[in-house]
Amino acid sequence: MKLSNYLIATLKEAPSDAETTSHQLMVRAGMIRKIAAGVYNFLPTGLRVFRKVENIIREEMDKAGAIEVMMPFVTPADLWNKSGRGEIYGKELLRFKDRADRDFCLGPTHEEVVTDMVDREVKSYKNLPITIYQIQPKFRDEIRPRFGVMRAREFTMKDAYSFDINEAGAEKSYINMFNAYKSIFDRCGLTYKAVEADSGNIGGSFSHEFMVLAETGEDLVLSCDKCDFAANVETTSIKENTSTVTGGTDLISANEISTPKMTSVDDIANFLKVSSGDIVKTLVLESDDDLIAVLIRGDHDLSLTKLKKFLSVNFLDFASEEVLKKRNIVKGFCGPIDLDIKIYSDNAIKLMTNFITGSNKLDFHSQGVNHDRDFPVESFGDFREAVDGDLCPCDDCVGTLSSTRGIEVGHVFKLGTKYSESMNATFADQDGKEKNYYMGCYGIGVGRVVAAAVEQNNDENGIRFPIALAPFQIVIISTDKKEGESLLKAREVYDFLLNLSYDVAIDDRNENPGVKFKDAELLGIPLQLRIGPKSLAKGLVEFKNRLSGEIIEIDKDNLELIKEKIDELLR
RNA sequence: CGGGGUGUGGCGCAGUUGGUAGCGCACCUGUUUUGGGAACAGGGGGUCGGAGGUUCGAGCCCUCUCACCCCGACCA
């Protein structure tokens, strides 16, 4: 590529709406531009990187035996009604009507479409197992898109779906994809971790997320210091430390204390000079049909994900103020005593006696509260979020957990028969009977992989792309903008490398050398070949390595040696 | 959705008590430069997000609206 005839849209300053490093750098490098909230243009250099990721994914999927198709971005709402997921997906699903008033939506994922497709085309167990994939845009009307293409509303995803005749087959397909994912992220040069995860809206029984480790990640990953356990905080189960009994063995009687205007755990802890762990907070939530209360230790956080799973409900969220008012629940002073809704209690509370809670009266709390004696508990369970220092949940493991932030770039799920049942998708098995497919689904966010790579690889000069992802692997920089020996030599080497199919660009723009160096570094091109009067006078050209900063000089006329050096440096 | 904030040239910003819009970068022309985002001179580009209103006069005041950004269980 001749950069004199290309679009290098670099900026000195990032727009003020770019917060994270990757967002700022991708905009400054001229890779992306926003055209609406969560909707982006990919400019030429951005697209080149995007394609490299896409190609790696495609190659590895093909190698793993997955079959590429393309399903529509616009899908009929009917399919979503069929699976019953239209309601659950809610506002994230962007719906609209066509001219004949028929309902459509922009596909946020394609389980419905692919299940329908396979059901139409595959009739017999003889055609199974099969794994279908596509690389295609998706649209999710996120509440809050952010961080550039990291969490965009329109984004490109590689989504794959496996169909098997039974559970064991599904397991094999899952492992096959899991391994393909490892190859993909290895080839992308990312530092990542595969962790146990929640399956969220997609549903299903079991899943892993592939997390790129980075400070700005939106997810929290907990890993064990003794074994190889690692999981998203959303799903990490907790082994409570049974030695931390608090409150003493003699039960004291409950009494109310005046706590004017003290609505937070911290207020109460400061006022009573106790630690927040001595306090129990009573959280009131709305679920599918009714309100429920959850007791959580003052210094812990509720995990909505875990509680939702425990209750097996579709909807669960904190009760609104209106609802609380209607039920005469006093915000800020809620407690379990005389509360006429079901009370669930976190396991950490089981060991506590004589604790402090709200008293359901404005400006009053209760101390010396004990469960069972003072209020009934519907059920104890593991409802809180794990934190640094919690025990590893694995059997027989004595390790403790520590947390790191991560960017979820890939997710693999076992779906079982969830969709094949709801959509009545079947094949004829060996015994001639119709059976539901055992499915799995597997996603990778292509743009997010690019952003994650930038987030993980940068310095004060810009992006330090892994060689496999860089927009170009080599840029030949003529440091003299006049038509002359430097430019001629640069063109000669460029033609030579281009003929050998190297991923090479020539910076023949009418710019000062400093501009070209800065752009090459901002864009993260791993190798610069600098050709200018200074070194040519000595009969040399020079390489600069973006990653090591090292500069090497080489005989200007020995093209073979130049080629060898490139091969060596790109290895 | 709730709360907060911001909209002025491509990007980053300034704009006083209301008096008719400016700076840096970028862009164009010329000259000089030429190894780390060059210098000088000249130049182009703005319905001040939009609509309505107040006023002799609105970027500035008022009303509505749109867009974008940030925060949002922490308590119950």
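Because only heavy atoms are used, hydrogens play no part in the values below, and waters and symmetry mates are left out as well, while side chains stay in. Here is how names work: the chains are called A, B, and so on, in the same order as the sequence lines, proteins then strands, and each is numbered from 1. Small disclaimer: the values here were computed from a predicted structure and weren't measured.
For A:N512 against B:G36, a side-chain-to-base donor-acceptor contact under 3.5 Å is absent. A:R28 contributes a side-chain N or O that forms a donor-acceptor pair with the base of B:G37 under 3.5 Å. At a cut-off of 3.5 angstrom, counting only N and O atoms as typed in the model, there is a donor on one side and an acceptor on the other between the side-chain of A:E521 and the base of B:G36.
OP1 and OP2 of B:U34 both lie 4.0 Å or more from every side-chain N or O belonging to A:K534. The phosphate of B:G37 (OP1 or OP2) has no side-chain N or O of A:K516 nearer than 4.0 angstrom. Dashed line: the shortest gap from a side-chain N or O of A:S535 to OP1 or OP2 of B:G35 is not under 4.0 Å. At B:C70, one or more side-chain N or O atoms of A:R144 fall inside 4.0 Å of OP1 or OP2 (strictly under the cut-off). OP1 or OP2 of B:G12 lies within a sub-4.0 Å distance of a side-chain N or O belonging to A:S16.
Residues of residues 537-552 of chain A that place a heavy atom closer than 4.0 Å to RNA chain B, in numerical order, are A:E542, A:K544.
Counting non-hydrogen atoms under 4.0 angstrom, A:R146 reaches the backbone sugars and phosphates but no base. At a threshold of 4.0 angstrom between heavy atoms, the contacts of A:G358 with the nucleic acid are absent.
Using C1' as the reference atom, B:G43 and B:C61 are 37 Å apart when rounded to the nearest Å. Rounded to whole Å, the P atom of B:C62 lies 14 Å from the corresponding atom of B:U16.
The residues A:K309 and A:D382 are annotated as not salt-bridged, no charged nitrogen and carboxylate oxygen being separated by less than 4.0 angstrom.
In terms of the side chain to side chain contact (heavy atoms under 4.5 Å, CB included) criterion, residue partners of A:K544 (sequence neighbours excluded) are, by chain and number, A:E521, A:Q528, A:R530, A:I551. Annotation: side chain to side chain contact (heavy atoms under 4.5 Å, CB included) contacts of A:F318 (sequence neighbours excluded): A:L283, A:L285, A:L302, A:L304.
Between A:F318 and A:R509, it is A:R509 whose nearest contact on RNA chain B lies nearer the 5' terminus. Comparing A:L304 and A:K34, the nucleotide of RNA chain B nearest to each residue sits closer to the 5' end for A:K34.
Between A:Y344 and A:F383, the ring planes lie perpendicular to each other; the angle is over 60°, past the 30° to 60° tilted range.
Distance from the side chain of A:E13 is smallest for B:G24 among the nucleotides B:G72, B:G24, B:G36.
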